[in-house]
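All of these numbers come straight from a predicted model, not from anything done at the bench. Order of appearance sets the numbers: ligands from 1, and atoms from 1 within every ligand.
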Amino acid sequence: MNRTLIAAGNWKMHKTIGEASAYAEAFLARMREFQGLEVVICPPFTALPVLRDQFYQTPVRLGAQNVHWEIQGAFTGEISAPMLQELGCRYVIVGHSERRHIFRETSEEVGWKVKTLCSFHLSPILCVGETLSEREAGKTREVVQEQLLQGVAHLTPEEAQSLVIAYEPVWAIGTGRASTPQDAEEVIRFIREELASRFGQEVASGIRILYGGSVAPENVFDFVVQENIDGTLVGGASLDPGKFLKIVEETERAFLRKSGGA
Ligand code: PGA
């Protein structure tokens with residue numbers, strides 16, 4: 001199965017509107033058509049309008065970093081799926097470990113967010129991953145399975161087709177200590193098997209599953225060339241347009257290798 005790969009940048013709480021705009025200019029100056037992959041940038045909410053205009057009619061797609069599960073109402077400080085749709089988002093990150101750990105978001109809440117996004121034809125990038133102590137206690141699969149199954153709990157197989165999963169071991173995020181490509185492939189294969197038991201083999205083999213956690217231009221190829229890894233979710237290295245472009249180029253190189261070319 002040939003899945004379109006994804007190189008996604010998660011800017012977290014970085015870049016003002018002016019900084020985002022300067023980034024887009026620098027990125028687009030060196031951008032070309034890439035084979036077999038989608039480039040996604042997830043800036044803070046405030047930068048979405050300016051980036052929507054700058055990335056209009058380019059191959060770069062926009063994503064947001066969070067959403068509320070209700071579509072409107074008395075939820076001070078929250079943003080809804082139709083609001084993000086209006087801003088030109090195609091993707092929305094949900095269940096990032098920083099949301100789960102700093103803001104105490106539960107897997108149940110994440111499941112409702114995923115459901116709402118799918119009903120607005122926005123693709124969730126559902127993040128799952130274990131902490132260091134959970135890994136050391138041999139609980140990686142258990143933790144990932146719980147986050148995954150609760151995250152997709154309300155989806156029909158048809159809705160699941162637009163899902164993207166990001167496996168991000170918490171101990172690898174922002175630490176410069178990435179997983180090995182082999183360990184990531186093993187967990188990601190497990191995720192695909194779980195998706196197959198939930199939604200059937202055919203749907204599961206079309207769902208994109210990314211790796212995230214200290215991805216850099218130097219290691220991205222070794223991850224994406226793995227059979228089940230369909231791209232990366234990149235934090236720190238996506239903040240620099242030159243580095244992120246290199247990650248995109250390396251993702252294309254992995255695509256060409258996987259599809260039997262160079
Ligand atoms: P990192 O972050 O690339 O800086 O490790 C990844 C993420 O949090 O999505």
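In this structure, Arg189 pairs ionically with Glu185, as a charged nitrogen and a carboxylate oxygen lie closer than 4.0 Å. Salt-bridge check for Lys115 with Glu159: passed, with a basic side-chain N closer than 4.0 Å to an acidic carboxylate O. Ion pairing between a basic and an acidic side chain is recognised when a charged N comes within 4.0 Å of a carboxylate O; Lys246 and Asp240 show no such pairing.
Taking a heavy-atom cut-off of under 4.0 Å, ligand 1 is surrounded by Asn10, Lys12, His96, Glu168, Ala172, Ile173, Gly174, Gly213, Ser214, Leu233, Val234, Gly235, Gly236.
Qualifying side-chain hydrogen bond (donor to acceptor under 3.5 Å, both in side chains) partners for Ser21, counting only residues two or more places apart in sequence or in other chains: Gln54.
Residues Gln65 and Trp11 bring no donor and acceptor atom of their side chains to less than 3.5 Å of each other.
Using cut-offs of 30° and 60° for the angle between ring planes, the Tyr211 and Phe223 rings count as parallel.
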